[in-house]
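I have placed the structure first, in the form of structure tokens, so that the comments after it can refer back to it.
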Protein chains: 2
Amino acid sequence: MRVSVYTPAEAVEETGFSIDTLRYYEKIGLLERVDRNAAGQRRFSQEDVGWLGMVRCLRDTGMPIATMLRFAELVRAGDHTVPDRIRLLEEHDRQVQGQIANLAERQSYIHHKISYYRSLL
Amino acid sequence: MRVSVYTPAEAVEETGFSIDTLRYYEKIGLLERVDRNAAGQRRFSQEDVGWLGMVRCLRDTGMPIATMLRFAELVRAGDHTVPDRIRLLEEHDRQVQGQIANLAERQSYIHHKISYYRSLL
DNA sequence: GGTTGACCTGGAGCCCACTCCAGGTGAGAT
DNA sequence: ATCTCACCTGGAGTGGGCTCCAGGTCAACC
């Protein structure tokens with residue numbers, strides 16, 4: 001778990017996002033205003049890092065930033081939005097399922113092509 | 001199978017690419033110079049349409065255009081490039097495999113999140 | 001007290017893969 | 001004959017998602 005406060009470099013290490021990307025996410029509101037120390041430098045909380053884990057998951061499954069922003073707003077709006085969050089994630093889950101199915105289908109085409117090329121040798 | 005010559009509108013219908021995209025692909029050399037009729041309008045051959053099927057497969061599995069161009073060049077260069085084509089497709093196949101694995105893993109995270117949210121209701 | 005190094009800000013720039021536009025042609029329908 | 005329509009060209013513009021830059025601040029080490 002660790003100390004629960006992260007310097008920018010530690011947050012980069014932990015989340016895999018670049019510092020520029022973290023600043024960008026804060027700027028557009030995908031990440032809520034991050035705490036600063038006396039010198040104005042960011043100090044990411046455990047919560048920030050946890051949220052960024054979710055963002056990474058959604059991003060890496062192809063969710064557009066605009067949709068992640070909607071989700072972020074639901075999260076901020078409080079517990080009464082839980083049903084909406086479920087709906088949003090379920091919809092996204094279907095998308096992901098579709099992507100996987102599509103990739104698998106295309107992959108079999110690639111396999112056929114490879115077999116065909118092998119047959120030429 | 002059909003007539004083996006396609007007007008632009010028919011090629012759009014057949015391949016699912018927009019006419020602008022087809023022109024773009026020709027312009028950058030992903031599609032070899034397409035035949036024209038007397039009036040200068042494109043007439044896509046059966047071969048063009050077949051190649052576009054391959055392009056769609058590669059594109060939809062996330063291959064960058066630069067790599068598709070390399071593949072296109074191998075195809076044009078003749079039969080002696082078949083081993084290189086196999087290598088390229090095998091490498092891409094591994095990428096696709098990785099994408100699928102990654103999506104599946106992220107998806108289980110999403111499932112957990114949904115379960116967690118359900119437990120709050 | 002000078003240098004390094006991690007960080008800050010606002011804003012410009014970049015890459016990819018298209019997508020759109022202006023201005024024009026030629027063929028067929030009314 | 002005029003209108004519509006599908007098409008043409010070269011080139012500019014778009015959108016998403018970062019990524020880079022100039023110029024500056026602080027803290028820490030030599």
Side-chain angles (χ1 to χ4, degrees), chain A residues 3 5-45 48-49 51-52 54-72 92 95 99 102 106, chain B residues 3 5-45 48-49 51-52 54-72 92 95 99 102 106:
Chain A
V3 278
V5 170
Y6 299 78
T7 64
E10 288 164 349
V12 163
E13 168 76 9
E14 199 65 23
T15 65
F17 290 119
S18 77
I19 179 63
D20 274 322
T21 298
L22 292 176
R23 289 199 269 249
Y24 169 67
Y25 283 173
E26 184 179 354
K27 179 151 57 183
I28 64 173
L30 185 53
L31 192 53
E32 230 166 336
R33 173 87 189 165
V34 175
D35 287 345
R36 311 291 152 125
N37 70 3
Q41 298 186 352
R42 287 174 180 77
R43 290 300 175 258
F44 294 85
S45 69
D48 291 330
V49 170
W51 168 245
L52 285 165
M54 185 77 210
V55 169
R56 171 155 290 288
C57 173
L58 297 177
R59 188 196 86 153
D60 287 2
T61 47
M63 183 181 285
I65 284 183
T67 310
M68 290 196 277
L69 276 175
R70 280 207 293 116
F71 186 67
H92 184 57
Q95 294 255 338
Q99 283 183 67
N102 189 44
R106 303 294 188 189
Chain B
V3 276
V5 171
Y6 299 79
T7 64
E10 287 163 350
V12 163
E13 168 77 9
E14 199 65 21
T15 66
F17 290 118
S18 76
I19 179 64
D20 274 322
T21 298
L22 292 176
R23 289 199 269 246
Y24 168 66
Y25 283 171
E26 184 179 355
K27 179 152 57 182
I28 65 173
L30 186 52
L31 192 54
E32 231 168 335
R33 175 83 189 169
V34 175
D35 287 344
R36 312 291 152 125
N37 69 4
Q41 299 186 349
R42 286 175 181 77
R43 290 298 176 259
F44 294 85
S45 69
D48 291 330
V49 170
W51 167 247
L52 286 166
M54 185 77 211
V55 169
R56 170 155 291 288
C57 173
L58 297 177
R59 188 195 87 154
D60 286 2
T61 48
M63 183 180 284
I65 282 183
T67 309
M68 290 196 279
L69 276 175
R70 281 207 293 117
F71 186 66
H92 184 57
Q95 295 254 339
Q99 282 184 67
N102 189 45
R106 304 293 188 190

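Proteins get letters first, then strands, A, B, ... in listed order; numbering begins at 1 in each. All heavy atoms count here, side chains included; hydrogens, waters and symmetry mates do not.
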Under a 4.5 Å cut-off applied to non-hydrogen side-chain atoms, are [X] and [Y] in contact?
X       : Y       : answer
A/Tyr6  : A/Asp48 : no
B/Arg36 : B/Arg43 : no
A/Leu31 : A/Phe44 : yes

May I have the distance from [X] (atom [atom1]) to [N] (atom [atom2]), rounded to whole angstrom?
X       : N      : atom1 : atom2 : value
A/Asp60 : D/dG17 : CG    : C1'   : 13 Å
A/Arg42 : D/dT25 : CZ    : C1'   : 14 Å
A/Glu26 : C/dT9  : CD    : C1'   : 12 Å
A/Asn37 : C/dA6  : CG    : C1'   : 11 Å
A/Leu69 : D/dC18 : CG    : P     : 12 Å
A/Gln41 : C/dG5  : CD    : P     : 15 Å
B/Ile28 : D/dG11 : CD1   : C1'   : 16 Å

Ignoring backbone atoms, establish whether [X] has a side-chain N or O less than 4.0 Å from OP1 or OP2 of [N].
X       : N      : result
A/Arg36 : D/dT25 : no
B/Arg23 : C/dC21 : no
A/Arg43 : C/dC8  : no

Is there a donor-acceptor contact under 3.5 Å from the side chain of B/Asn102 to the main chain of B/Gln99?
no
task: State whether the side chain of B/Gln41 and the backbone N or O of B/Thr7 hold a donor-acceptor pair below 3.5 Å, judged by distance alone.
output: no
Write out a two-atom table: protein N or O, nucleotide N or O from nucleotides 13-19 of chain C, distance below 3.5 Å.
unit_1: C/dA17; atom_1: OP2; unit_2: B/Ile65; atom_2: N; d: 3.4
unit_1: C/dC18; atom_1: OP1; unit_2: B/Arg59; atom_2: NH1; d: 2.7
unit_1: C/dC18; atom_1: OP2; unit_2: B/Tyr25; atom_2: OH; d: 2.7

Of the listed D/dT9, D/dC7, C/dC8, the closest approach to the B/Ala9 side chain comes from D/dC7
Practice item. Please work out whether the ring planes of A/Phe71 and A/Trp51 are parallel, tilted or perpendicular, with thresholds of 30° and 60°. Key: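 Geometry flag for A/Trp51 against A/Phe71: parallel rings.
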Side chain to side chain donor-acceptor pair (under 3.5 Å) partners for A/Arg70, two or more places apart =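 Once residues adjacent in sequence are excluded, A/Arg70 has no partner under the side chain to side chain donor-acceptor pair (under 3.5 Å) criterion.
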